[in-house]
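Scroll down for the structure; my scribbles are underneath it.
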Amino acid sequence: MFDFQTPIQLIPGIGQQYQKKFKKLGIETVRDLLFYFPFRYEDFSQIKKIAEIIPNEINTIEGKIIQIKTFKTFKKKFFITEAIVEDETDQIKVIWFNQPYLTKNLKTNDFISIAGKLVEDKNKCYFLPSHYEKITNLNQEHRETGGLIPVYSETEGLTSRTIRFFIKKCLKETRFPVDPLPHSIIKKYNLPELKSALKAIHFPNSLSEAKIAKKRFLFEDVFILELIILIQRQKMKQAKGFLIKTKMDVLEKFSQELNFQLTDDQKKALVDILKDLQKGKPMNRLLQGDVGSGKTVVAVMAALMTVVNNYQVAFMVPTEILAKQHFQNFSQLFKNFDINIGLLTSNDAQINFLGLISKVKKSDFLKDCFNQKIDIIIGTHALIQKNVKFKNLGLIIIDEQHRFGIKQRKALLVTKKDYIPHLLSMTATPIPRSLALSLWGDLDISSIKELPKNRQPIITKIILPHQREKLYQFIKTEIKKGRQVFVICPLINDSIKLEVKSVNQEYEKLKEIFPELRIGILHGKLKSADKEKIMKEFLNKKIDILISTSVVEVGIDIPNASIILIEGAERFGLAQLYQFRGRVGRGFYQSYCFLLSETNNINSKKRLESLIKVKNAFELSEIDLQMRGPGEFLGTKQSGMPDNLMEALKHLEIVQLAKKEAEEILSIDPHLESHRLLKEKVENQKEILEIIN
Ligand code: ADP
Ligand code: MG
C-alpha cells in the first residue's frame with residue numbers, strides 16, 4: 001500500500017526515466033500524482049458505427065484490429081503505424097504518426113476503442129486517432145472509465161495514457177488520509193469525500209460527477225486560504241507600527257509650493273493614509289487610481305510626513321526609467337525641504353544632498369542608507385538586495401505593485417523587534433472590488449477615481465488593416481502640429497530577442513512611411529544609459545515617434561505625446577492596454593489611442609471594444625476578472641499563486657461560502673486546536689501567506 005507521501009519511484013513501473021519526466025510535471029509523490037487533475041475528458045461514451053462516421057468530426061469507434069503494422073516513411077523521417085479496424089458495419093484504415101511502440105501493445109485480433117476524426121481527401125481516407133483504449137470485447141458495458149477518458153497535460157515521453165495508468169494504480173493501492181474538510185461542511189454542501197472526489201475527478205461516470213468533485217477541491221483550497229488570511233489578520237492586529245504624526249505646517253508648506261490643487265479623491269486618500277500612520281499599527285493600504293490620477297503626489301506627502309518624524313522611506317518601482325523619473329520628480333518637489341533623496345538601481349546609485357545630485361559608489365550609498373543619511377530611497381528591485389540595510393525604515397511605498405512578485409514585495413517588510421514598517425502599495429490596475437471583498441473582506445483600499453481637472457478623455461479607436469493609410473496620414477498632421485507619438489510593438493512570447501527584431505522591423509517600415517520624421521527605438525536589450533538617453537530625447541522633443549516594446553508600459557510622463565499606436569493589440573491584456581493608453585493624455589492636448597488588430601477572433605474583438613467603453617480602470621478590472629480570471633490582479637505569473645487557487649478565485653460564490661465557513665470555525669476554535677488536520681494544512685501553506693499579504 002502507498003500513502004500520500006510515498007515517492008512515486010516506489011510505484012512499480014516507474015523507473016528512473018518516468019520519475020524524471022514526472023518531476024518535470026511537478027509530480028514527486030503519490031499525492032502529487034493524485035492531485036494532477038485532467039484538464040478535460042475525452043468522451044468515449046457516444047460510440048458510432050464505422051459506417052456512420054462523418055469526416056472531420058471527432059467520433060469514437062470500436063472495433064477489432066484486422067491487421068496492424070509499423071513502418072518508416074519513404075524518407076525515413078517518420079514512423080507510421082497503420083491498422084485496419086472493423087466493426088459489424090464496415091472497415092476503416094487507422095493511422096498513427098511516430099508512435100513505433102504501438103505495435104508492442106496493439107496486435108491483430110485485439111479490440112480497440114478509438115476517438116479521433118475521419119480524414120478524407122482526394123485519394124485518401126483514414127481515421128486519425130487522438131486517443132485509444134484497448135478493450136476486451138465489443139459492446140462491453142462496464143468499461144472502467146465509464147466512457148470518459150481523462151486527458152492530462154503531457155510532457156515529452158509521458159503521455160496521458162501513461163499518467164492515467166499510474167493514477168489508476170494509485171487510486172487502488174493508496175491508503176487515503178482522513179479528509180481535512182470537516183465532516184459538517186461536507187454534509188452541509190453535499191460534497192464528495194476526499195477519496196471518492198479524487199476517483200471522480202480522474203475517472204468520472206459523468207461530467208457532472210467530475211464537476212462536483214472539482215468544486216469540492218476548489219472549495220477546499222479557498223477554505224484553507226481563507227483560514228490562513230483570517231489567522232494572519234489576527235496576528236497583524238497584534239504587531240506594532242511606528243507612530244508617524246501629521247505635521248500640518250509642513251504639509252501646508254508643501255501644498256503651497258505645488259502648482260496645482262489636490263483633487264478631492266487625492267485629499268481623501270491622503271487623509272486615510274495619514275490616519276493609518278498614527279494608529280500605532282502597521283498600515284497595509286492599497287492606493288488605486290487610474291493612470292495619471294495623481295497617486296505619486298499623495299505618496300510623496302506620506303513620505304514627507306514619515307521623514308519629518310525621523311523615519312526613512314523606501315520607494316520601490318518596477319523599472320529603471322521610472323525610478324529615475326521619480327527621483328527627479330521628488331528632487332524637484334522637495335527642493336525647498338531639507339530632505340536627502342537617493343536613487344538605487346542595479347547599475348546606478350545617485351544621491352541628492354542639499355539639492356545637488358551626484359553619482360556615488362554603491363558601497364558609499366549603502367553606508368549612507370544604513371546611517372540614515374538618506375531619508376528617501378527610490379529604487380528598483382535593487383532595493384531588496386540583502387546588502388541594503390536601513391537604520392530606521394518607517395514606510396515602504398510600492399509603485400505599480402502588480403508588477404512585483406509578492407515575495408519581492410514582502411522582502412522589504414522586515415520586522416524590527418515587534419515593529420513592522422507601514423506599507424503603501426499603489427496600482428493603476430485595481431483589484432475588482434468583488435474579488436477584494438471576498439478575499440480579504442476588510443482590506444484597506446483608497447481609490448482615486450476622478451482625474452485632475454485639466455484632462456480630456458482619450459479617443460480610442462480600433463484600426464482595421466485597410467485603415468492604416470489614413471491613420472498614418474492623421475499621424476503626420478498631428479506631428480506637424482508639434483505632437484509626439486508612441487508606437488508599441490506586439491508582445492512576442494516573452495522573447496526579448498524577437499521583440500527587438502520586431503522593433504527594428506517597425507523602425508524600417510516607419511522610416512519609409514515618414515522619411516522626414518525623427519524616429520527612436522526603445523527595447524529591453526538596450527543599456528540603461530541608452531534607454532535613458534532616448535527617453536530624454538523624446539521628452540525634449542528631439543524624437544517625433546518612439547517605437548517601443550512594452551518596457552514603456554509604466555509610469556513615464558511625456559505630456560507632449562498625444563498619440564499611442566498599439567500593434568497587435570489583441571495580444572495584450574486589457575489592464576496592460578489600459579496602462580499603455582495612460583501614456584498619453586497627460587498634457588493639455590486631445591489624445592488618441594489606436595489599437596491595431598488583425599484578428600478575427602470574436603472574443604479578442606470584444607475585449608478590445610470593452611476598452612473603448614469603460615469609464616475607468618475600476619470598471620475595466622471587473623471586466624478583466626470575468627474574461628481572464630483573477631491572475632491579472634494578483635500579479636499573474638510572478639505572484640506564485642498556485643494555479644489551483646487562481647482557478648478557484650474565479651468562482652466568487654465559492655470564495656464567499658468558504659470565507660463564511662472559515663469565519664465560523666475560527667469563531668469557535670480560533671487556533672484550530674480541535675481541527676488538527678486543518679491546522680496542519682494551514683501551517684504547511686505558509687508560502688501562500690507570503691503571497692496574499
Ligand atoms: P499616476 O497616478 O499614474 O502615478 P502621477 O502621479 O504620475 O499619476 O500624475 C500624473 C501627472 O498629473 C503628474 O504630472 C502630476 O504632477 C499631475 N497631477 C497630479 N495631481 C494633480 C492635480 N490634482 N491637478 C493637476 N495635475 C496633477
Ligand atoms: Mg505612477
Side-chain angles (χ1 to χ4, degrees), residues 251-252 254-273 285-304 313 315-335 376 378-380 396-404 424-431 445-458 484 486 535 538-539 550-562 564 575-589 591 593 616-618 620-621:
L251 270 188
E252 259 157 37
F254 182 88
S255 308
Q256 273 160 16
E257 290 183 6
L258 271 182
N259 51 13
F260 52 76
Q261 287 244 313
L262 293 189
T263 62
D264 287 347
D265 281 352
Q266 281 173 315
K267 282 184 203 156
K268 246 186 268 159
L270 182 63
V271 170
D272 289 343
I273 293 166
R285 182 168 289 277
L286 180 67
L287 174 58
Q288 49 183 29
D290 261 22
V291 188
S293 61
K295 296 181 290 291
T296 317
V297 70
V298 175
V300 165
M301 289 166 95
L304 175 63
V313 178
F315 193 114
M316 188 157 74
V317 302
T319 66
E320 194 160 352
I321 298 179
L322 197 54
K324 289 189 172 156
Q325 194 167 58
H326 276 316
F327 180 59
Q328 258 143 30
N329 213 348
F330 276 54
S331 299
Q332 178 63 25
L333 288 167
F334 287 138
K335 67 175 186 285
I376 301 177
I378 299 166
T380 54
I396 296 162
I397 302 169
I398 298 183
D399 198 11
E400 314 288 351
Q401 61 99 26
H402 66 285
R403 292 280 306 253
F404 288 98
L424 176 65
S425 325
M426 303 199 285
T427 183
T429 310
I431 295 176
I445 302 181
S446 299
S447 303
I448 305 180
K449 292 198 173 175
E450 51 174 342
L451 292 179
K453 296 254 161 13
N454 54 11
R455 305 284 160 75
Q456 291 183 45
I458 299 162
Q484 288 164 284
F486 283 111
M535 283 314 292
F538 195 48
L539 188 63
S550 53
V551 289
V552 79
E553 182 192 348
V554 279
I556 303 151
D557 207 3
I558 312 268
N560 190 54
S562 68
I564 186 160
Q576 213 180 3
L577 288 173
Y578 196 83
Q579 290 267 347
F580 287 142
R581 183 168 64 176
R583 293 308 105 225
V584 297
R586 300 197 144 212
F588 299 98
Y589 310 108
S591 295
C593 171
N616 54 40
F618 298 92
L620 180 111
S621 72

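The basis for the numbers below is simple: all heavy atoms, side chains too, and nothing from hydrogens, waters or symmetry mates. Atoms within each ligand, like the ligands themselves, are counted from 1 in listed order. This one's a predicted model, so the numbers in the text were calculated from it and none came from an experiment.
Expressed to the nearest 0.5 Å, how far CZ of Arg583 lies from OG of Ser562 amounts to 14.5 Å. Atom CZ of Phe254 is separated from atom CE of Met301 by 5.5 Å, given to the nearest 0.5 angstrom. Atom CG in Leu287 sits 6.0 Å away from atom OG in Ser446 (nearest 0.5 Å).
Residues Phe580 and Phe486 keep their aromatic ring centres 6.0 Å or farther apart.
Atom 2 (O) of ligand 1 has its nearest heavy-atom neighbour, among Gln261, Gln266, Lys295, in Lys295. Between the choices Gly289, Gly582, Gly294, the shortest heavy-atom distance to atom 8 (O) of ligand 1 belongs to Gly294.
In Asp399, neither the side chain nor the backbone holds a heavy atom less than 4.0 Å from any atom of ligand 1. The proximity of Leu262 to ligand 1, defined as any non-hydrogen pair under 4.0 Å, is limited to the backbone.
Considering only residues two or more places apart in sequence or on other chains, Tyr578 meets the ring pair (Phe, Tyr, Trp, His ring centres under 6.0 Å) condition with none of them.
Near Thr296, the atoms of ligand 1 lying under 4.0 angstrom from a non-hydrogen atom of the residue are 4 (O), 5 (P), 6 (O), 7 (O). Close contacts between ligand 1 and Thr263 involve ligand atoms 23 (N) [criterion: under 4.0 Å to a heavy atom].
Within the structure, the closest approach of Asn329 to ligand 1 does not fall below 4.0 Å when heavy atoms are considered.
Considering Val317, Ile397, Ile398, Val298 in turn, Ile397 is the only one that fulfils the side chain to side chain contact (heavy atoms under 4.5 Å, CB included) rule with Met426.
Residue-to-ligand polar distances place Gly292 within reach of ligand 1: an N/O pair is separated by less than 3.5 Å.
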